[in-house]
Trainee: 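Have a look at this one.
Remember, predicted model here, so these are calculated numbers, not experimental data. A note on names: the letters A, B, ... follow the listed sequences, proteins ahead of strands, and every chain is numbered from 1.
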Amino acid sequence: MLLESMLVFGLVNSAILMLMSFGFSLTFGLSGVANFAHGGIYLLAGYLAFFLLRTLGLPYLLAVIITVIVTALLGAAIYRLVVIRVRGIALNEVIATFAIGISILELFRWLGFITYEFSLPCIVDGRLTLFQTTLDYQRILIIVVAFLMAVFLWALTHKTRIGLALLGMAQNEYTALSVGIDSDWAATYSFALGGAFAAIAALMILPLGIININIGYEVLLIALAVTVLGGLESTKGLILGCIILGYAQVITSTLIAPHWKEAVYLAAILIVLAVKPSGLLGKFKELEERV
Amino acid sequence: MLDIKSLMVFYENALAVNNLNLDVRKGEIVGVFGSNSAGKTTLINTIAGLTLHLKWREQRKGGQRITIVGAQLFEDEDIGKLSPSERVKKGIVLCRERHPVFRDLAVEENLRLGGFLIKNQAKVKKSIDLVYSIFPPLTKLKTRKAGLCSGGEQEMIAIGMALVARPKLLLLDEPLLGLSPAMQAIVVQALKDIRKLEVTVLLTEQYARPIMPHIDRGFIIENGTLIMSGTQEELMDNPEVISAYFGM
Amino acid sequence: MKAGHRKERIDRGIKVRADEIFAISSYREILYLMGPRLLAIMGLLLFPLFRDVTGAYWQTVGFIACIIALLALSWNFLFSVGLVSLGQAFFFGVGAYFTGYFNHFLGLGPLFSIPLATVCGAVLCTIVIFPVLRLRGIYFALITFALPLFLMRIIEATGYLGGTEGISGLQRLPGLTFSVYVSVVVVLAVTFIYLRFFDTDYGLVLRAIHDNDMSVLAGGLSVQWYKAQAVFIAALPATFAGALMTHHYRIVGMPAFAMEYSILPLTAAVVGGTGTFAGGVLGAFILVPFSEMLRAFGTLRIVMYSALLLLFVVGLPEGIYRFAQRKYFQFERIVPLEEEKQ
Amino acid sequence: MNKKELLKVTGLCKNFGGVKAVDNVSFTLYEGESIGVIGPNGSGKSTLINLITGFLKPDSGTVLYKGKNITGIAPYKAVNIGIARSFQMVRPFYNMEAYKNLIVPLYSPRVKKQLKGGSYGDRDEVAIQLLEDVGFERESQIPYKMTGSLPHGYLKRLELARVLSLEPDLVVLDELFSGMSMSEVASTVPILERILKEGRNMIMIEHRIRELFRIVNKIICLNFGKKIAEGTPVEVMQMKEVKEAYLGSEADSIA
């Protein structure tokens with residue numbers, strides 16, 4: 001019974017991690033910019049949805065659409081207004097987006113969004129009992145959405161012209177320019193997509209608990225941990241990283257103690273990176289070395 | 001077709017291209033020769049708009065100042081202020097030096113990206129088939145990642161990509177750089193095929209020798225300054241040119 | 001700008017006159033070169049003496065500025081070796097906890113616990129970071145960003161070292177003026193030592209790693225080993241800052257790993273100009289008083305730092321120090337292009 | 001044969017994403033010899049060098065140097081036992097003066113001991129001397145200029161100077177001549193010949209076959225990661241495989 005629930009909740013946990021880190025990894029993979037504002041965008045989406053649903057009382061679907069569009073625009077705006085000016089200097093990209101993320105998060109803290117009243121409704125209520133493990137529909141939905149996102153990402157980058165162009169841009173900017181792909185256009189697109197993904201993740205995951213400022217930092221940390229673990233630029237690696245971390249967390253919190261959960265990230269990252277600096281499935285380095 | 005008049009390019013205080021005049025007529029293959037850091041790449045990047053892109057970027061960053069002055073006319077139209085992608089739309093396509101490909105994409109995907117600005121997919125398909133007919137070895141490699149191809153194959157992909165974009169004027173930056181003699185021969189052969197497609201070619205090279213028999217006119221630049229220009233025969237007759245760029 | 005002209009930057013004064021050799025010929029030129037430096041040094045050294053003028057509050061602000069300056073110096077040192085740290089709080093917190101441990105559990109006085117904590121802290125930091133030193137750029141930044149947060153969690157989870165309460169009631173330092181003096185002298189000393197250090201061949205090797213680590217490897221030097229040494233040297237002022245601050249306030253707790261100690265030095269370094277030691281110090285002395293003035297805004301302060309950080313990263317990426325240096329040593333002029341055509 | 005083996009490579013393999021970059025390559029370099037490696041682009045020449053100098057770890061196979069197994073050795077250790085390499089794409093320290101570039105190799109354990117003295121200035125003189133050896137004009141400003149502002153040909157020679165500063169027994173050069181002008185190549189060849197006369201050994205990847213043949217006395221030809229030929233330059237040029245894979249039909253007119 002313990003084993004079974006560990007398996008199931010490990011899967012749920014992995015799916016949650018994946019949703020959280022998808023937007024970040026997408027933006028990084030397609031534009032080469034690590035968007036440290038990811039956590040801020042994620043939380044902003046949560047509060048926006050809360051505002052639309054609870055305060056304005058809009059229908060659920062409409063609220064979701066507005067949230068996704070607004071965060072996508074925000075993502076695009078972050079690129080257009082800020083990152084575009086520091087593009088190409090990795091340190092400044094990181095610092096600039098980091099600053100944006102912190103501003104968003106701390107602004108919410110200052111505005112007083114720190115009480116326990118903020119929560120989002122589940123899309124579907126109810127639960128399902130499989131053998132001896134009870135699972136609510138929201139968590140099942142999370143698994144489904146995570147899967148759909150992976151499929152979407154794959155289809156986008158392999159089947160569409162735009163996705164292909166984005167991939168090309170990430171690999172060799174000047175060559176992309178010389179065949180007529182506008183680099184700023186491509187990066188704006190990837191930031192918008194990353195923002196939209198963050199919003200979807202927020203809408204799926206936040207109903208499981210209350211909305212809290214510190215979640216913003218945590219999401220960023222998780223996104224970083226998972227992408228570094230799996231190897232930046234590799235979607236397969238990302239999924240693998242999520243599964244490893246997801247299960248590791250569930251196992252530590254059931255077998256040892258819940259508050260050790262966080263320590264698992266650090267240990268996992270340190271071990272993986274010490275052994276394999278390019279991450280589990282990071283293959284770019286290998287190609288680079290081939291002179 | 002292309003007319004460059006008194007072009008000057010500065011990187012901060014360093015003069016990369018100095019008061020250069022150059023023209024390319026329709027249907028020609030024109031070579032620009034010069035040693036390393038003579039300004040060839042800057043010249044060709046300026047024509048393709050990459051230097052302008054870099055200038056914009058540096059401006060935004062507040063980094064080094066790039067100054068471009070002079071007239072750049074393409075089919076009697078001023079292209080001096082156009083972005084790289086607008087120039088591609090006009091038919092100026094650049095194939096950069098050192099065979100730059102999208103290393104993590106399959107060969108076929110690379111070629112498809114070459115036709116990024118062409119909306120008509122059937123047309124792109126046709127162009128890709130054309131590339132395969134010019135470079136038969138690529139046919140076998142369609143699904144291989146470009147980064148895993150050999151340098152010669154990558155050069156073929158890079159030129160192929162540029163061809164898929166349907167250029168009127170094809171800019172080739174050092175197409176023979178670092179290639180084995182056998183591979184050089186293939187590229188030179190491809191040049192002949194490309195000429196048949198009524199594509200005008202402007203290319204740069206350090207060692208003129210393998211490519212010399214196939215060009216119509218040549219320009220020789222040194223430290224960013226044009227020191228000599230002429231038809232193929234005129235250049236071949238000049239002993240100085242021969243010793244400096246042909247290694248005889 | 002007029003058509004046919006372009007702007008040009010030219011070195012002013014001495015450098016132009018004698019291309020590589022500095023020929024100092026007059027007091028005016030000596031003053032031109034030394035003036036700004038002397039002014040800064042004298043200002044810093046005299047500051048603690050004016051307690052009556054500034055009041056204890058601004059003396060404390062000066063002290064905190066020195067602490068941040070030390071962290072910024074450490075950040076800049078790491079940056080010069082090609083390591084970008086987003087977690088100076090890690091070094092700071094380790095130093096703070098070490099001194100707290102030495103003082104509280106082993107009963108060592110500040111005279112011993114601070115230096116000991118500085119060295120032990122730096123050693124521990126180096127050991128922790130050693131396995132990930134092979135990482136470059138963003139990867140390394142991610143790790144350092146995560147480190148203090150995780151240490152905080154671990155202390156919280158295990159309850160070691162006082163857990164969430166921290167360790168309080170540490171031995172006091174002689175007084176505010178003493179603390180300020182110590183910090184000012186250390187800031188000046190570290191700046192000077194670091195600057196001289198990078199002129200030696202050993203320092204050159206470290207700078208070379210920043211430029212191109214593959215070439216350093218091909219030059220027969222172990223990059224990881226030298227980076228580890230650099231981390232140790234860079235950690236020293238940061239752990240010292242943590243230890244000094246701990247004794248000054250007589251308490252160490254989880255806030256020692258707070259984000260503030262990561263963001264402030266980073267901002268100071270960026271505002272001052274990344275890679276310039278004096279710039280980082282300058283940045284700290286601009287930023288800390290500024291942040292004190294914003295204290296009334298509560299948590300909005302952090303938003304304002306971030307905004308400032310953003311403003312500088314985007315608007316003046318070279319930083320105040322380099323900007324000022326350029327304006328001081330170079331001038332710009334408009335040159336007509338016709339002159340340069342050959 | 002009573003010649004001493006300096007470097008013995010046996011069955012070296014390296015895979016990249018399923019493609020065999022180096023496939024079962026073996027060869028032996030005897031003391032006093034120099035080997036040239038030729039082959040089409042992407043045939044694994046650079047990978048082979050990376051494997052020997054420790055920049056890549058082989059999947060299988062061994063590298064013996066002076067009888068000691070150095071397979072998968074750390075690159076800096078390889079340097080310190082006397083194997084120094086140059087890079088095909090130059091990798092100088094752009095933000096330093098040209099001569100300061102050489103301080104780094106001069107600081108390595110291999111050379112450090114031989115230079116007496118402290119930390120200031122002593123190595124500078126040695127560095128400038130080395131730059132002069134590879135053709136930097138001593139009287140000019142060039143050795144003192146920022147590396148970033150030097151023309152490419154100088155960077156290539158700087159790369160050579162770095163290798164020489166390490167006083168290697170085995171010099172490994174990866175396409176040194178690519179990117180040099182005709183006259184630069186012409187002036188560099190005697191330097192290489194002098195290095196050989198000093199009793200050092202050399203492995204050289206090169207496309208400039210004519211210059212290569214003046215310097216080396218043995219050629220290895222790679223194609224698709226496999227060794228397809230080995231022998232004296234004249235022998236190798238006669239081989240059918242080499243002609244097909246590397247020289248192409250227009251071989252005679254180019255080489």
Side-chain angles (χ1 to χ4, degrees), chain C residues 8-11 15-22 76 79-82 130-131 133-134 136 193-230 233 273-277 318 322 325 330, chain D residues 49-50 53-55 74-87 89-97 99-112 115 117-124 126-127 141 143-145 147-148 155 158-159 162-163 165-168 172 174:
Chain C
E8 190 184 42
R9 289 175 188 153
I10 295 176
D11 283 346
K15 266 189 179 167
V16 176
R17 240 172 280 155
D19 205 344
E20 291 293 325
I21 305 145
F22 285 84
N76 268 323
F79 180 80
S80 309
V81 192
F130 189 75
L133 276 179
R134 274 195 291 170
R136 278 183 252 168
I193 292 169
Y194 274 6
L195 276 172
R196 291 317 300 264
F197 179 80
F198 270 120
D199 276 346
T200 63
D201 287 351
Y202 178 67
L204 198 80
V205 170
L206 295 185
R207 271 196 300 169
I209 295 176
H210 173 91
D211 248 18
N212 195 327
D213 50 356
M214 287 294 248
S215 270
V216 177
L217 269 180
L221 296 167
S222 163
V223 168
Q224 199 175 7
W225 176 233
Y226 275 89
K227 273 187 182 171
Q229 295 172 17
I233 298 169
T274 48
T276 57
F277 293 120
E318 58 182 346
R322 281 220 184 84
Q325 209 178 23
Q330 289 186 322
Chain D
I49 278 191
N50 282 335
T53 53
F55 279 82
Y76 68 95
K77 285 187 188 150
V79 172
N80 287 318
I81 57 171
I83 307 176
R85 66 163 300 176
S86 76
F87 290 104
M89 307 277 175
V90 286
R91 296 170 183 272
F93 309 119
Y94 283 109
N95 303 321
M96 293 178 190
E97 290 95 337
Y99 75 100
K100 288 278 186 196
N101 265 267
L102 296 180
I103 303 293
V104 174
L106 288 177
Y107 200 77
S108 70
R110 183 176 175 81
V111 195
K112 203 176 169 185
L115 288 169
S119 51
Y120 280 97
D122 299 351
R123 291 187 188 90
D124 294 359
V126 182
Q141 292 288 326
Y144 304 96
K145 272 194 179 163
T147 313
L155 297 183
L158 184 61
E159 193 79 0
R162 194 198 62 224
V163 170
S165 69
L166 291 162
E167 313 212 337
V172 183
D174 193 350

Trainee: Relative to the ring of D/Tyr107, is the ring of C/Tyr202 parallel (under 30°), tilted (30 to 60°) or perpendicular (over 60°)?
Mentor: tilted

Trainee: Rounded at 0.5 Å granularity, tell me how far CE in D/Met96 sits from CG in C/Leu204.
Mentor: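 So the CE of D/Met96 and the CG of C/Leu204 are separated by 4.0 Å.
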
Trainee: So, for D/Pro109 and C/Gly220, which heavy atoms are closest and what is the spacing to 0.1 Å?
Mentor: CD-O, 3.5 Å

Trainee: Counting C-beta onward and ignoring hydrogens, is there a side-chain heavy-atom pair between C/Val205 and D/Ile103 closer than 4.5 Å?
Mentor: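 No, too far: nothing below the 4.5 Å cut-off.
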
Trainee: Return the minimal non-hydrogen interatomic distance between D/Arg85 and C/Ala218, and the atom names on each side.
Mentor: CG-CB, 4.5 Å

Trainee: Is chain C contacted by the side chain of D/Asn95, its backbone, both, or neither, given a heavy-atom distance below 4.5 Å?
Mentor: both

Trainee: Might you point out which heavy atoms bring D/Phe87 and C/Met214 nearest each other, and give the distance in Å?
Mentor: CZ-O, 3.9 Å

Trainee: Do the side chains of D/Phe55 and C/Leu217 get nearer than 4.5 Å, heavy atoms only?
Mentor: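 They are in contact (side-chain heavy atoms under 4.5 Å apart), so the answer is yes.
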
Trainee: Compare every heavy atom of C/Ser215 with every heavy atom of D/Pro92, then report the nearest pair and how far apart it is.
Mentor: N-OG, 4.4 Å

Trainee: With rounding to the nearest 0.5 angstrom, report the CG to CG distance, D/Leu106 to C/Asp201.
Mentor: 8.5 Å

Trainee: List the atom of C/Asn212, the atom of D/Arg91, and the distance in Å for their closest heavy-atom pair.
Mentor: ND2-CB, 3.0 Å

Trainee: D/Val79 and C/Gly219: which non-hydrogen atoms are nearest, and at how many Å?
Mentor: CG1-C, 4.1 Å

